[in-house]
Amino acid sequence: MTCNNEAVTLMHKYLDGELKKEEERKLRDHLQNCPACQHHFHELKRSITLVQNAGPVQAPANFTSNVMDNLPKEKKRKNYKRWFHQHPFLTSAAVFFILMFSGIFSAWNQDQQVTVSKQENLVIQDNTVIVPEGVTVNGDLVVRNGDLKIEGKIDGDITLINGDMVHEDDPNPLEGEKYQAYVSGEVNEVNQIFEWMWYHTKNLFQGVFSFGDDE
Amino acid sequence: MENMIKQKIKQVKKGDRSAFEDVVSFYQNKVYHICFRMIGNAYEAEDLAQEAFIRAYTNIHTFDERRKFSTWLYRIATNLTIDRIRKRKPDYYLDAEVKGTEGLDMYSQLAADQALPEEEVESLELQSYIHKEILALPPKYRGVIVLRYLDELSLQEISEVLDIPVGTVKTRVHRGREALRKRLRHV
Ligand SMILES: [Zn+2]
C-alpha cells in the first residue's frame, strides 16, 4: 500500500464514516507498521478536534427583533401573487375555465360604466365615487371602472376594479397611515384584465371551496 | 422540532409574521455561526445572517415543504456569504506565520479518543487562533469544513446546501482536512 495515495485516501474515508470492514483492517495493518502515516492520521484527527472546539458562537442580542424590524411590509393586495405561486396548476385551470364559460374578455371591454356596490349616501362625480365626510359605509365596498375618494369612513374591505384610490393630501394613500384610519378591512385593487379574471375566479370559487380562508 | 418548524412555516406562508419570529429565534445561532465562521468578523456575519432571514421570508413561497427547512435556510446564508467573500479582496494578514511548537506526541491509534484536555480548547486565545486558521482556508474548502465540523451536517446535507454533488463535497472535505492538518500541526 502506498502511503500518500491509498493510505491517506482510506484515512479520509474513515473520517467520513465510509470505510468498509476490509478497508478498515487494511488501514489498521498499515498504520501499525508505518510511523509516517500514523503521524499523518493523528494530525488529521487532531485538527478536526481543534476545529470542532473552535468555540460556540452566538448571534448577537436582539438579533431576532432586528430581523423582524427589517422585514418588508406585507401588502395585503399582493397576497394573490403568493397564491398564484403556490397553486400554478389550479390557477391556470381556473383561468381557463373562466375564459371558456363566462366570456370575460368581452365583458372587460364593454363594461365601462362606473358601478358601485352600495349607493346609499355615496356621491358619483366624474367617474369618482366619493364617500362624503360624515358618512360611514358599513360592510364591504366594490367600485368598478371608477376611482374612489374617501372623506368619510369605510367599515369593511374595499375592492377597486379598474380604478384608483384618490386622496388629496397624500400622493400615495395606500401606504399612508392616515388612510388606514379610514378603512377597517383589506383593500384590493384590480387594474389589469388578468387581475380582474382572478377577482372573478376568486368570487366564483369562494362559495365552492372556501378558497379565501384557505390562503 | 422539525414538526414544530414545519407548522411555523405553514403559518408564515399564510401571512403570519409572528410565526416567522419563532423561526428566526430558533435558527439564529446556527445561521449566524455559519456566516461568522465563513466571513470571519462579527459585524459582517450579523449583516449576512440578517439578510439571509429576510430573503427566506420574502421567498418563503418558493420553499418546498417536503424538504428540510434548515437546508434551504443554510443555502441562502452560504450563498450570500460566498458571494460577499468573492466580492472582497483577500486578507493576507491571515497567512502570517505563527511560531509552532515541536515535539508532538506521536501516539495514535485507530480507535483512540482524540479529545484534547478541556483547559486547552477552552482557552480563548487558542479558539481565536483556530478561527483564523479556518478563515485562511480557500473559501470552497472553508464552506464544507464549517458545515461538516462546526454545524455537523452530513455529506448529503452539505451537497444539498451548496448544490454540488456529494462526490465534490467529499473531495473538498478531504482537501480541506489536509489543509487544516498542515495549518494546525504546530498547535
Ligand atoms: Zn504509510
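Protein chains get the first letters and strands the later ones, always in sequence-line order, with residue 1 at the start of each.
Ring pair F63(A)/F53(B) is perpendicular by interplanar angle, where above 60° counts as perpendicular and below 30° as parallel.
A54(A) and I134(B) make their closest contact through CB-CD1, 4.4 Å (heavy atoms, listed as atom of the first residue, atom of the second, distance).
Between R148(B) atom CZ and D16(A) atom CG the span is 6.0 Å, to the nearest 0.5 Å. How far CG of L50(A) is from CD of E133(B): 10.5 Å, rounded to the nearest 0.5 Å. Remark: N53(A) CG to I130(B) CD1 distance equals 7.5 Å, nearest 0.5 Å. Between H174(B) atom NE2 and T9(A) atom OG1 the span is 5.5 Å, to the nearest 0.5 Å. Residue Q28(B) holds its CD atom at 8.0 Å from CD of Q58(A), rounded to the nearest 0.5 Å. Interatomic distance, L71(A) CG to Q50(B) CD, rounded to the nearest 0.5 Å: 9.0 Å.
Evaluated for a side-chain contact (heavy atoms from CB on, under 4.5 Å) with E43(A), the options K182(B), E178(B), R185(B) yield exactly one hit, R185(B).
Heavy atoms of L44(A) lying under 4.5 Å from chain B belong to its backbone as well as its side chain. With a 4.5 Å cut-off on non-hydrogen atoms, E18(A) touches chain B through its side chain but not through its backbone.
The number of heavy atoms from other shown groups lying within 6.0 Å of CD (E65(B)) is above 12. Applying the 6.0 Å contact sphere to NZ of K13(A) captures more than 12 heavy atoms from other residues, nucleotides or ligands.
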Quiz prompt | Audit row: R37(B), V57(A), side chain to side chain contact (heavy atoms under 4.5 Å, CB included) steps and yes/no | solution = CA-CA 9 Å; R37(B) 291 296 178 201; V57(A) 180; 3.4 Å; yes
